[in-house]
Amino acid sequence: MHVGHLRSTVIGDSICRLFEFVGHDVLRLNHLGDWGTQFGMLIAHLQDKFPNYLSVSPPIGDLQSFYKESKKRFDEEEEFKKRAYQCVVQLQSHSPDIIKAWNLICDVSRKEFQKIYDCLDIRIIDRGESYYQDKMVQVIKEFEEKGLVEVDEGRKVVFPPGCSIPLTIEKSDGGFTYDTSDLAAIKQRLVEERADIIIYVVDSGQGIHLQNVFSAAQMIGWFDPKVTRVEHAGFGVVLGEDKKKFKTRSGDTVRLIDLLEEGLKRSMDKLKDKERDKVLTPEELDAAQKAVAFGCIKYADLSHNRMNDYIFSFDKMLDDRGNTAAYLLYAFTRIRSIARLANISDEQLHKAAQDTEIGLQHEKEWKLGKCILRFPEILQKILDDLLLHTLCDYLYELATTFTEFYDNCYCVEKDRQTGQIVKVNMGRMLLCDATAAVMAKGFDILGIKPVQRM
C-alpha cells in the first residue's frame, strides 16, 4: 500500500464507524485489484526467480521491488510479455499451479496490509475482483437477454442512459474488463447482500466510470434509486508540500508503512520536546506516541473537505495549536483530568447526572450547552453528505468553546494557601463530562484513540 491508499482507508473507515454508531449493519468491503495482467507478470516472474515455488515457499519480502522487476521485464522482453499473458489465461481457467502462485503473492500482500490496518485500527473484509470472476458470465448473459448489448469491432458494449462513454463488458478476445467485474460486484451487493445503502469510497478520478456502472445497474433493474441509495464518496489526491503528487526524493511513490513509521518518530520527538517522557510511564508514553502519530495522520485527512486535494505536512498536523488532532487530544486529556484532580469518580458523576439540575446562568455556560446539543444534527448532516470535515470543525469549535467556558466559570474552587478543594460546582462538572463524552464519541467516529494521560 502506498500513500494514495491512505485516503480511501481513513475516509472509508470513518464513514463505516458513523453508520455503525447510528445502528446500521455495515459490511466493510475492501475491493482489491487481485486479478488480471499484473498478476500474470508477477506469476511469470515468480516462476523464473523461484522455479521450485510449489515445494519451497519463496522468500518474497519486498513485493514492491518484485513488482518493479516484473514490470521492467514486461515492458522490455517480448517473450516474457507473452508468457505473462499466458499466465493470465491459466489463472482465469484456474490452473492449480498458477492458482498456488497467485495465492502466494496475495498472502504476501495481505500480511503487509494487515500491518497497516493494525496501526490504524481498521477492520475490513478483503473481497477482490477474483471473488466476482465466476459471476461475470451471468452478468453478460443478462444484459444480452434484455437486448442491451451492442457489438463494436468485436467488443460487447453497453450504453447506460445519460452516459457518453459505453461500458465494455467483453473484449474482442472474450476477456473481461474492469467494467464487467464492477457490474458483477454491484449486482452481488444489491441482490445477494440485499444492501439498502452502497457507498463507494474511491478517488474522484473514477467518478465518470462509477456513474456509468450505477446507471447500467439501474437500467437493467437491479435497483431503484428511490429505494436504494448508491453513492460515490469521491476524494482528491494527497500532495506534497511542493503541491505536486506526494513522492519520495527519488520520485518513487511513498509507501504507507514508511509514512506511518515516520509519524511515530516525529510524534515521539514532539512528546520529548514537551518533556512528557519525564512525567509519563514508558507504557503511557508509548500509548501517547501512537495516539498522536496515527490520530494526527487520520485527522489531517478527515479535517479537509474530501472533494479537495490536500497537502500532507507532518509539521502542520503535529502542531498543537489550531484545528489539529494534537490540539484536540491535549484538550480532551485536560478536560478529562478536571474531575480526576477534583477527586470526583465516574460513579459520582453518573449519580449527579440523575439528580443535579444544570443551571445555565453564565453566557459561556449557555454557549457550551448549545454547542454540545448540536452533536446529533452534525451527525445527521454527515450521514446525508458524507463530508467528515464537518465533524472535525465541530470538535474544534467544541474544544475552543469549552476553553472559553473554563476560563470564565469556576468548576472547582480551591483555597489559595492550602490548595484544598473548597467548593465543587456539580452542574459545571457535568458540562465538563458532557463535553468529554461528545469529544470521545467524535474521536471514535474519526477512528482516533485518545489516552488518559499525555
Q.
Using side chain to side chain contact (heavy atoms under 4.5 Å, CB included), reason through R189 and L29 one step at a time and then give a plain yes or no.
A. CA-CA 10 Å; R189 291 160 192 164; L29 289 180; 3.8 Å; yes
Q) Looking only at side chains, do W102 and Q90 share a donor and an acceptor under 3.5 Å apart? A) no
Q. Can you check whether Y396 and Y327 have ring centres sitting under 6.0 Å from each other?
A. yes
Q.
For the backbone of G234 and the side chain of R306, can you confirm whether one donor and one acceptor N or O come within less than 3.5 Å of each other?
A. yes
Q.
Tell me the closest heavy-atom pair linking I335 and F402, and the distance in Å.
A. CG1-CE2, 3.4 Å
Q) Are S14 and I445 side-chain neighbours, meaning at least one heavy-atom pair lies under 4.5 Å? A) yes
Q. Taking the side chain from R7 and the backbone from V238, do they hold a donor-acceptor pair closer than 3.5 Å?
A. no
Q. Under 3.5 Å, is there a donor-acceptor pair between the side chain of R17 and the main chain of D444?
A. yes
Q.
A side-chain contact here means heavy atoms from C-beta on lying under 4.5 Å apart; do F143 and L183 qualify?
A. yes
Q: Return yes when atom CZ of R336 has more than 12 non-hydrogen atoms of other residues, nucleotides or ligands closer than 6.0 Å, and no otherwise.
A: no
Q: Please lay out, stage by stage, how E77 and K82 fare under the test salt bridge (charged side-chain N to carboxylate O under 4.0 Å, His left out).
A: CA-CA 9 Å; E77 300 172 29; K82 279 183 195 166; over 6 Å; no
Q: Verify salt bridge (charged side-chain N to carboxylate O under 4.0 Å, His left out) between E261 and R255, making sure each step is shown before the conclusion.
A: CA-CA 10 Å; E261 284 170 2; R255 292 198 324 157; over 6 Å; no
**Q.** Separation between CD1 of I105 and CZ of R110, rounded to the nearest 0.5 Å
**A.** 11.5 Å
Q | Carboxylate-amine/guanidinium proximity below 4.0 Å for R266 and D315 | A | yes
Q.
ring-ring contact (aromatic ring centres under 6.0 Å, His included), that's the test. Do F74 and F80 meet it? Break it down for me.
A. CA-CA 6 Å; F74 186 82; F80 179 81; 7.1 Å; no
(Q) Determine whether a donor-acceptor pair (N or O, by modelled atom type, separation under 3.5 Å) exists between the side chain of S95 and the backbone of L91. (A) no
Q. Passes salt bridge (charged side-chain N to carboxylate O under 4.0 Å, His left out), K141 versus E144? Steps please.
A. CA-CA 5 Å; K141 192 177 167 193; E144 284 178 326; over 6 Å; no
Q. C296 and L318: which non-hydrogen atoms are nearest, and at how many Å?
A. SG-CD2, 3.9 Å
Q) Would K187 and E192 count as a salt bridge (charged side-chain N to carboxylate O under 4.0 Å, His left out) if you check the C-alpha gap in whole Å, the side-chain angles of each, and the deciding distance to 0.1 Å? A) CA-CA 8 Å; K187 184 188 176 186; E192 290 180 32; over 6 Å; no
Q | Working for side chain to side chain contact (heavy atoms under 4.5 Å, CB included), residues K146 and M219 | A | CA-CA 10 Å; K146 295 199 174 173; M219 171 178 75; over 6 Å; no
Q: Check whether any side-chain N or O of Y67 sits under 3.5 Å from a backbone N or O of Q38 as a donor-acceptor pair, and report yes or no.
A: no
Q. Does one side chain, of Y299 or N323, offer a donor that lies under 3.5 Å from an acceptor on the other?
A. yes
Q: Look only at the side chain of S172 and the backbone of R155, and say whether a donor-acceptor pair between them is shorter than 3.5 Å.
A: no
Q. Just how far is it from atom CD of E193 to atom CG of D25, taken to the nearest 0.5 Å?
A. 10.0 Å
Q.
Between Y330 and R321, is there a side-chain donor-acceptor contact under 3.5 Å, judged purely by atom types and distance?
A. no
Q | Validation row, ring centre Y200 to ring centre F214 under 6.0 Å | A | yes
Q.
We want to know whether Y117 and N30 form a side-chain donor-acceptor pair, criterion being a heavy-atom distance below 3.5 angstrom.
A. yes
Q. Would you call the rings of F443 and F332 parallel, tilted or perpendicular, where under 30° means parallel and over 60° means perpendicular?
A. perpendicular
Q: Quick one: closest heavy-atom pair of E231 and L386, and the distance?
A: OE2-CD1, 3.6 Å
Q | Spatial distance of atom CD1 (I15) from atom CD1 (I197) [nearest 0.5 Å] | A | 11.5 Å
Q: Could you grab the distance from atom CG of L395 to atom OG1 of T400, nearest 0.5 Å is fine?
A: 10.5 Å
(Q) So L6 and T9, do their side chains get closer than 4.5 Å, heavy atoms only? (A) no
Q: Compare all side-chain heavy atoms of L446 with those of K298 and state whether any distance is below 4.5 angstrom.
A: no
Q: Kindly indicate whether the side chain of L167, heavy atoms from C-beta on, has any atom under 4.5 Å from the side chain of V157.
A: no
Q.
Is a donor from one side chain sitting under 3.5 angstrom from an acceptor on the other, for Q133 and Q92?
A. no
(Q) Less than 4.5 Å apart, side chain to side chain, heavy atoms only: is that true for R374 and E397? (A) yes
Q. Is there side-chain contact between F375 and L391, with at least one heavy-atom pair below 4.5 Å?
A. yes
Q: Enter the distance from K290:NZ to D121:CG here, rounded to the nearest 0.5 Å.
A: 11.5 Å
(Q) I'd like to know if the side chain of T177 pairs up with that of T180 as donor and acceptor (distance under 3.5 Å, no hydrogens or angles considered). (A) yes
Q) When you measure from the side chain of S303 to the backbone N and O of H389, does any donor-acceptor pair fall under 3.5 Å? A) no
Q.
Quiz question: by atom type and distance under 3.5 Å, do the side chains of R73 and H45 form a donor-acceptor pair?
A. yes
Q. Looking only at atom types and distance, does a side-chain atom of S215 sit under 3.5 Å from a main-chain N or O of P161, one as donor and one as acceptor?
A. yes
Q.
Side chains of T168 and D179: any donor to acceptor distance under 3.5 Å?
A. no
Q: Check whether any side-chain N or O of H232 sits under 3.5 Å from a backbone N or O of V202 as a donor-acceptor pair, and report yes or no.
A: yes
Q) Which heavy atom in G263 sits nearest to a heavy atom in I297, and how many Å separate them? A) CA-CD1, 4.4 Å
Q. Taking C-beta and beyond as the side chain, do K81 and E76 meet within less than 4.5 Å on heavy atoms?
A. no
Q | Nearest-0.5 Å distance, CG of residue L190 to CH2 of residue W222 | A | 8.5 Å
Q | Where A339 and L349 come nearest, the two heavy atoms and their spacing | A | CB-CD1, 4.1 Å
Q. When you measure from the side chain of W35 to the backbone N and O of E129, does any donor-acceptor pair fall under 3.5 Å?
A. no
**Q.** E69 and K72 ion-paired at < 4.0 Å
**A.** no
Q: Assess the pair Y178 and F176: is the distance between their ring centroids shorter than 6.0 Å?
A: no
Q: Verify side-chain hydrogen bond (donor to acceptor under 3.5 Å, both in side chains) between D309 and H304, making sure each step is shown before the conclusion.
A: CA-CA 9 Å; D309 298 342; H304 290 83; over 6 Å; no
(Q) Checking side chain to side chain contact (heavy atoms under 4.5 Å, CB included) between F314 and each of E241, K265, K270, E262, which is the one that passes? (A) E262
Q. For D196 and H24, does a side-chain donor sit closer than 3.5 Å to a side-chain acceptor?
A. no
Q. With under 30° as parallel and over 60° as perpendicular, where do the rings of H31 and Y132 fit, or are they tilted in between?
A. tilted
Q. So, for V149 and K156, which heavy atoms are closest and what is the spacing to 0.1 Å?
A. CG1-CB, 3.8 Å
